Amino acid sequence: MKSVTTKLKLFRPALTSRCSYSSTDQTLLLNEFTRFCYQRDLPRALKSMDSLQSHGLWADSATYSELIKCCLDHRAVHEGNLVCRHLYFNGNQPMLFLVNVLINMYVKFNLLDKAHNLFDKMPQRNVISWTTLISAYSKHKHHQKALKLLVLMLRESVRPNVYTYSSVLRSCNGMSDVRMIQCGIVKEGLESDVFVRSALIDVFAKLGEPEDALSVFDEMVTGDAIVWNSIIGGFAQNNKGDDALKLFKRMKRAGFTAEQATLTSVLRACTGLALLELGMQAHVHIVKYDRDLILNNALVDMYCKCGSLEDARRVFRQMKERDVISWSTMVSGLAQNGYSHEALKLFEAMKASGTKPNYVTVVGVLFACSHAGLLEDGWYYFREMKKLYGIEPGREHYGCMIDLLGKAGKLEDAVKLLNEMDCEPDAVTWRTLLGACRVQGNMVLAEYVAKKVLELDPEDAGSYTVLSNIYANSQRWDSVEEIRTRMRYRGMKKEPGCSWIEVNKKIHAFIIGDESHPMKAEVDKKLNQLIHGLIGIGYVPETDFVLQDLEGEQMEDSLRHHSEKLALAFGLMTLPSEKVIRIRKNLRICGDCHVFFKLASKLERRSVVIRDPIRYHHFEDGKCSCGDYW
DNA sequence: GTAGGGTTAG
């Protein structure tokens with residue numbers, strides 16, 4: 001802290017008296033004010049500021065800057081307003097630097113309108129004024145405003161610097177924005193700055209261009225731990241967990257230590273790949289960060305998504321503090337794993353704990369209702385969410401309700417709700433309704449709905465399949481051919497079914513029609529044995545292909561060798577008998593496999609968990625956690 | 001003097 005006496009020298013020239021006070025009295029007043037500001041004595045400083053104002057006096061900028069810092073520390077919005085009013089009192093125009101400080105204060109108080117107002121009133125603005133505002137809009141996701149400000153700034157011939165670019169890059173919604181900004185960066189010769197680079201890496205990752213992110217990263221001569229986190233996080237967020245893990249190894253070899261942010265991304269990578277063993281290994285290394293909220297949240301999510309609910313519950317129970325994300329993660333995790341009632345109970349506990357639910361939490365709650373067919377609960381939470389929690393229902397909430405109504409046989413109500421939506425239904429919403437049509441066997445509606453999906457998402461192979469099968473069933477071969485032509489024209493193929501299983505920390509993939517697995521012959525043999533064993537206890541292999549193909553989601557062609565059956569056979573052969581068999585797959589499980597796995601869990605006395613893109617099935621002793629409702 | 005980078009839930 002600077003001494004008060006040096007400050008006094010600084011503001012002496014500013015003593016232009018317009019009142020009857022003697023210059024000594026004025027000095028005393030200013031002296032006192034400065035002292036209170038530097039002592040961070042907010043109440044006294046404000047009182048003192050009042051007397052200055054009544055005598056038409058202003059102190060120097062550094063002192064006010066100190067006072068504003070004090071307001072920020074105390075989050076004293078009202079007091080900040082008083083300081084601002086004082087500085088503009090009687091038509092005074094504070095100097096540029098001080099207005100920048102004020103703008104920054106309003107930004108930190110999340111009062112962007114006030115910040116922008118001051119900005120508009122400035123007779124002159126420098127690069128910091130612009131950057132403060134641009135960065136604020138970027139952070140608050142007002143991306144259009146941020147980009148527009150950059151353009152206005154250039155028009156006023158104020159040259160952006162590394163601060164400006166690293167902030168505004170966050171607001172790029174498409175590659176064309178990035179390319180434009182990259183031009184500016186190169187023109188100013190700022191491309192080697194580490195902040196600019198990490199912002200570029202982030203934006204490429206966000207836009208789903210991890211290869212571009214990697215090339216920016218690889219061109220870097222010197223980096224730091226944060227850039228490593230950017231690139232690892234970028235891959236983890238883009239469902240490229242294996243790449244993220246490879247980079248993590250590289251980071252360690254380069255001599256960097258993994259801290260919370262890195263480990264969180266590593267966990268996310270494990271979560272995406274359902275690598276329970278590796279995730280558990282990471283858990284051992286992060287016990288020293290056991291108070292880190294974000295890391296614990298990621299850990300809970302990892303255990304939920306790997307289907308290891310016991311571990312998830314344990315971590316959640318032991319957390320020292322929990323935020324809305326912790327609770328939401330656990331609520332959704334329970335719901336996805338088939339524990340809907342426990343999810344709703346936890347939601348009530350969350351409210352009792354005083355944590356306010358948000359948009360995502362309610363999605364989890366409605367998800368729990370929809371996956372257990374809890375019609376009344378679903379309606380209750382949906383109808384009351386606005387009144388009870390102040391949350392407007394969005395697409396995801398409507399989606400859960402449409403799913404709930406549709407699967408519960410209230411297809412008409414589902415359609416009615418879709419038509420009543422406040423927001424425009426998108427392809428996902430219509431696809432949800434299509435799934436309900438399938439369950440209810442309503443082909444007339446399915447045809448209409450599938451067409452709607454294709455209007456919004458012409459690349460949706462599942463909906464083409466639905467249409468094609470409906471036409472085939474009613475012998476409308478012309479229409480069948482038309483659909484096939486359209487699919488060929490778009491170069492579309494059904495995604496092949498694929499299942500993964502982790503054995504000895506290695507992932508084994510099983511894909512329909514793929515012969516490349518080294519133990520393929522043994523796996524086939526084991527599967528055939530298993531099928532025979534199951535037929536012995538009442539398994540009847542499903543043969544109704546057409547029915548199976550009537551799917552909103554995509555289904556595999558050959559029922560007998562669905563990839564999860566191969567993965568199960570392999571798991572039974574290789575994993576010790578006490579271990580739970582965990583399988584992750586890219587498509588939703590079909591009815592035949594569901595029966596197959598229930599019986600297999602009984603015959604082989606094994607617990608099996610299957611994670612599909614939407615939810616999880618825990619098979620044990622002939623039963624599934626979903627209660628055959630999915 | 002005032003502005004900039006990484007991590008968690010659907």
Side-chain angles (χ1 to χ4, degrees), chain A residues 2 10 60-66 68-69 72 94-105 107-108 115 126-136 138-139 160-170 190 193-203 205 223-234 236-237 258-269 271 286 289 292-302 304-305 322-333 335-336 357-368 394-397 399-400 428 614:
Chain A
K2 282 176 190 161
L10 278 172
D60 66 310
S61 299
T63 305
Y64 287 119
S65 168
E66 216 48 43
I68 291 167
K69 271 186 215 158
L72 278 171
M95 65 180 281
L96 176 66
F97 151 71
L98 203 46
V99 185
N100 284 346
V101 175
L102 280 172
I103 292 175
N104 181 47
M105 175 188 80
V107 166
K108 298 262 162 72
N126 65 6
V127 59
I128 297 180
S129 332
W130 286 96
T131 305
T132 309
L133 209 55
I134 289 175
S135 149
S138 281
K139 264 194 191 136
N161 59 18
V162 287
Y163 290 86
T164 327
Y165 284 124
S166 56
S167 303
V168 80
L169 272 170
R170 261 195 307 227
L190 306 171
D193 180 79
V194 69
F195 282 82
V196 170
R197 280 190 188 260
S198 79
L200 271 172
I201 290 169
D202 286 334
V203 73
D224 57 14
I226 293 185
V227 196
W228 278 101
N229 293 339
S230 289
I231 190 74
I232 293 172
Q237 283 155 30
E259 305 267 322
Q260 285 101 314
T262 326
L263 292 166
T264 307
S265 291
V266 168
L267 276 181
R268 178 163 172 157
T271 307
I286 61 186
Y289 298 118
D292 189 276
L293 179 63
I294 297 179
L295 200 41
N296 275 317
N297 287 347
L299 209 46
V300 171
D301 191 43
M302 186 274 289
C304 284
K305 297 253 165 70
R322 301 182 191 103
D323 65 359
V324 62
I325 296 187
S326 331
W327 290 97
S328 310
T329 307
M330 201 64 218
V331 168
S332 301
Q336 287 164 337
N358 67 13
Y359 188 98
V360 181
T361 326
V362 183
V363 173
V365 170
L366 294 178
F367 191 82
R395 280 203 192 89
E396 291 91 339
H397 302 114
C400 288
V428 179
I614 308 282

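All values below come from the heavy atoms of this structure, side chains included, with hydrogens, waters and symmetry mates left out. These figures come from a predicted structure and were not determined experimentally. Reminder, nothing fancy here: chain letters follow the sequence lines and each chain counts from 1.
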Q. For the pair made of CD in Gln260(A) and C1' in dT7(B), what is the distance, rounded to whole Å?
A. 9 Å
Q: Looking at every strand, decide which applies to Asn296(A) at a 4.0 Å heavy-atom threshold: base, sugar-phosphate, or nothing.
A: nothing
(Q) What contact category does Val227(A) fall into here, base, sugar-phosphate, or nothing, at under 4.0 angstrom with non-hydrogen atoms? (A) base
Q. Which string of ( ) [ ] | and . matches DNA chain B, if you list each base 5' to 3' and count Watson-Crick or G-U pairs only when both distances are under 3.5 Å?
A. ..........
Q.
Using whole Å, what does the distance between atom P of nucleotide dG5(B) and atom OH of Tyr163(A) come to?
A. 11 Å
Q. Side-chain N or O of Lys69(A) less than 4.0 angstrom from OP1 or OP2 on dT2(B)?
A. no
Q) Can you name the side-chain contact (heavy atoms from CB on, under 4.5 Å) partners of Asn358(A), sequence neighbours left out? A) Val324(A), Ser328(A), Val360(A), Thr361(A)
**Q.** Candidates dT7(B), dG1(B), dG5(B) - which lies nearest the side chain of Lys139(A)
**A.** dG5(B)
Q: For side-chain contact (heavy atoms from CB on, under 4.5 Å), just list the numbers for Asn126(A) and Asn100(A), CA-CA rounded to whole Å, side-chain angles, deciding distance to a tenth of an Å, and then say yes or no.
A: CA-CA 9 Å; Asn126(A) 65 6; Asn100(A) 284 346; 3.2 Å; yes
Q.
List the residues meeting side-chain contact (heavy atoms from CB on, under 4.5 Å) with Asp202(A), not counting sequence neighbours, and say none if there are none.
A. Ser230(A)
Q.
Could you tell me how far apart Ile128(A) (CD1) and dT2(B) (P) are, to the nearest whole angstrom?
A. 8 Å
Q: Give the rounded distance in Å between these two atoms: CD of Gln336(A) and C1' of dG10(B).
A: 8 Å
Q) Which part of the nucleic acid does Arg170(A) contact within heavy-atom distance under 4.0 Å: base, sugar-phosphate only, or nothing? A) sugar-phosphate
Q: Check every atom of dG10(B), dG4(B), dG1(B) against the side chain of Ser166(A) and return the nucleotide holding the closest atom.
A: dG4(B)
Q) With sugar-phosphate meaning primed atoms plus P, OP1 and OP2, does Thr131(A) contact a base, only sugar-phosphate, or nothing at under 4.0 Å between heavy atoms? A) base
Q.
Under 4.0 Å, heavy atoms only, any strand: does Ser61(A) hit a base, just the sugar-phosphate, or nothing?
A. base
Q) Whole Å only: how far is the CD1 atom of Ile294(A) from the C1' atom of dT7(B)? A) 5 Å
Q: Look at the side-chain N and O atoms of Arg268(A) and state whether any lies under 4.0 Å from the OP1 or OP2 oxygen of dT8(B).
A: yes
**Q.** Residue among Leu293(A), Leu299(A), Val300(A), Leu295(A) satisfying side chain to side chain contact (heavy atoms under 4.5 Å, CB included) with Asn297(A)
**A.** Leu293(A)
Q. Are any of the side-chain heavy atoms of Leu190(A) and Tyr165(A) separated by less than 4.5 Å?
A. yes
Q) Distance check: side-chain N/O of Asn104(A) vs OP1/OP2 of dA3(B), anything under 4.0 Å? A) yes
Q. Distance check: side-chain N/O of Arg395(A) vs OP1/OP2 of dG10(B), anything under 4.0 Å?
A. no
Q: Answer with base, sugar-phosphate or nothing: what part of the nucleic acid does Val362(A) contact at a heavy-atom distance below 4.0 Å?
A: nothing
(Q) Does dG10(B) have OP1 or OP2 under 4.0 Å away from a side-chain N or O of Lys305(A)? (A) yes
**Q.** Side-chain (Ser166(A)) to main-chain (Tyr163(A)) donor-acceptor, under 3.5 angstrom
**A.** yes
(Q) Of the options dT2(B), dG4(B), dT8(B), whose atoms approach the side-chain atoms of Ser167(A) most closely? (A) dG4(B)
Q) Do Asp193(A) and dG4(B) have a side chain to base donor-acceptor pair shorter than 3.5 Å? A) yes
Q: Specify the separation, in whole Å, of atom CG of Leu299(A) and atom C1' of dT7(B).
A: 13 Å
Q | Phosphate OP1/OP2 of dT8(B): any Gln237(A) side-chain N/O under 4.0 Å | A | yes
Q: Describe the nucleic acid contact of Val101(A) in one word from base, sugar-phosphate, nothing, applying a heavy-atom distance below 4.0 Å.
A: sugar-phosphate
Q) Is the shortest heavy-atom distance from the side chain of Ile614(A) to the side chain of Phe367(A) under 4.5 Å? A) yes
Q: Could you state the atom-to-atom distance from CG of Leu293(A) to P of dA9(B) in whole Å?
A: 12 Å
(Q) If I take atom CG in residue Asp292(A) and atom P in nucleotide dT7(B), what distance separates them, rounded to the nearest angstrom? (A) 13 Å
Q. Checking side-chain contact (heavy atoms from CB on, under 4.5 Å) for the pair Val362(A)/His397(A): CA distance, chi angles, key distance, verdict?
A. CA-CA 7 Å; Val362(A) 183; His397(A) 302 114; 3.7 Å; yes
Q: For the side chain of Tyr359(A), starting at C-beta, report the closest nucleotide among dG10(B), dT7(B), dT2(B).
A: dG10(B)
Q: Using only heavy-atom distances, decide whether a donor-acceptor pair under 3.5 angstrom links the side-chain of Asn161(A) to the base of dG4(B).
A: no
Q.
Give me the atom names and distance for the closest heavy-atom approach of Met95(A) to Ser61(A).
A. SD-OG, 3.0 Å
